[in-house]
Every structure is written in C-alpha cells, then in structure tokens.
Undergrad: 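The structure that follows is given in the form of structure tokens.
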Amino acid sequence: MIGRLNHVAIATRDLAAAAERYRAGLAGPAQVSDPVPLPEHGVTTVFVDTGNTKLELLEPLGDQSPIARFLEKNPDGGLHHLCFEVPDLTAAIATVKAAGIRVLGEPRIGAHGLPVVFLHPKDCGGVLMELEQTAA
Ligand code: CO
C-alpha cells in the first residue's frame, strides 16, 4: 500500500547549524532550502533535496511544538519520522486500523498542503510513520 518515501524528518535543536552541515558538507547550497516557519505545525523546517527523496530538518517553533518532547529525550536530535506516500489516505487508514496499527488523531493538512496522518510508533517497530496522500 505505501509508496514512495516522501521524506525523512530529522529533529534538531539548532536548525541553522544543521542546515549548514548539509549546505557546506553533506549536500550543496542548491539542495538546501531557506528556513520555512510552519507555526500551525509548531516547527521551522529546512528541506534538503536528495534527488529521490528529501530530508526535513525540524526545529521546534513556539511552546506547543510536537517535537519538543522528542528533543527532551534526544538532546542531540535524531530521526523523528519517515513519511510514505499513499494514493488514498482514507483507504490507507482503514487498512492500517484493520491490521491493528493505531492512528494518531485525525488526518490534517501537512507541510506540503496535502492530507497526512501519523501512525503509532509502538505499532510500527519503534518508528513514527507519517502517511501523506499524493493528491488532494
Ligand atoms: Co513529515
């Protein structure tokens, strides 16, 4: 059911330093976006285009950030979630629920303007999974 890996999200306390690590070292300036504040998601994001997928470097924004607790447990930052594309999010939710995988909350509009939902990491081998519908 899941399709292409849309992005790998990495949480960091210092977005400027993380972006510079890709700009100057691991990637190149053309592959690294400027910071994009997403107040409705409680994060500021830098996108790193790696050709077949992208990285989303996430820094907390505001005091209700969903990644604040993750960074308390992982002060050096780390892998936060994987996002896979699905053609039909409603159908995907029904399928994963039938397989006993818990869905966290209701679908909402994600960072790319498309509906997304998160799956419980305890039901996904310890990895937080995001499903993103490929078209609205
Ligand atoms: Co994501």
Side-chain angles (χ1 to χ4, degrees):
M1 175 188 70
I2 59 172
R4 277 173 21 107
L5 176 65
N6 184 276
H7 60 269
V8 175
I10 297 173
T12 177
R13 284 183 187 284
D14 188 342
L15 188 59
E20 187 55 23
R21 186 158 57 245
Y22 286 92
R23 205 175 275 122
L26 286 163
Q31 291 170 260
V32 182
S33 81
D34 288 330
V36 181
L38 299 167
E40 69 278 25
H41 295 286
V43 293
T44 303
T45 301
V46 166
F47 300 96
V48 182
D49 183 350
T50 65
N52 67 332
T53 189
K54 55 188 176 288
L55 303 180
E56 287 187 7
L57 309 177
L58 305 174
E59 182 185 67
L61 175 62
D63 28 291
Q64 298 296 322
S65 178
I67 62 170
R69 210 163 69 91
F70 178 88
L71 285 169
E72 273 168 32
K73 287 195 219 157
N74 303 275
D76 296 330
L79 176 61
H80 187 260
H81 66 267
L82 302 179
C83 178
F84 288 94
E85 297 175 358
V86 296
D88 178 341
L89 192 61
T90 304
I93 289 168
T95 303
V96 297
K97 279 185 174 170
I101 298 171
R102 283 168 286 177
V103 172
L104 298 171
E106 295 297 315
R108 61 200 183 99
I109 299 302
H112 311 112
L114 294 165
V116 302
V117 77
F118 285 90
L119 307 181
H120 202 302
K122 289 212 163 116
D123 299 337
C124 297
V127 179
L128 179 61
M129 299 268 279
E130 180 181 18
L131 302 179
E132 180 175 283
Q133 186 164 296
T134 44

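Counting starts at 1 for both ligands and their atoms, following the listed order.
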Undergrad: Indicate the ring-plane relationship of His7 and His112, choosing parallel, tilted or perpendicular according to the 30° and 60° boundaries.
TA: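 Ring orientation of His7 relative to His112: perpendicular.
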Undergrad: So which N/O/S atom does His81 have closest to the Co ion (ligand 1)?
TA: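 His81's closest N, O or S atom to the Co ion (ligand 1) is named NE2.
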Undergrad: Please determine whether Cys83 has a backbone or side-chain N, O or S atom lying under 2.8 Å from the Co ion (ligand 1).
TA: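 Looking at Cys83, which is the residue asked about, there is no N, O or S atom under 2.8 Å from the Co ion (ligand 1).
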Undergrad: Do you know which N/O/S atom name in Glu130 is closest to the Co ion (ligand 1)?
TA: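 Of all N, O or S atoms belonging to Glu130, OE1 is the one nearest the Co ion (ligand 1).
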Undergrad: Is it true that Arg23 and Glu20 have a side-chain N and a carboxylate O under 4.0 angstrom from each other?
TA: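 Yes.
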Undergrad: Would you sort out whether Leu128 and His80 count as a side chain to side chain contact (heavy atoms under 4.5 Å, CB included), showing the intermediate values?
TA: CA-CA 7 Å; Leu128 179 61; His80 187 260; 3.6 Å; yes
Undergrad: Is the shortest side-chain heavy-atom distance between His41 and Pro66 below 4.5 Å?
TA: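 His41 vs Pro66: side chains apart.
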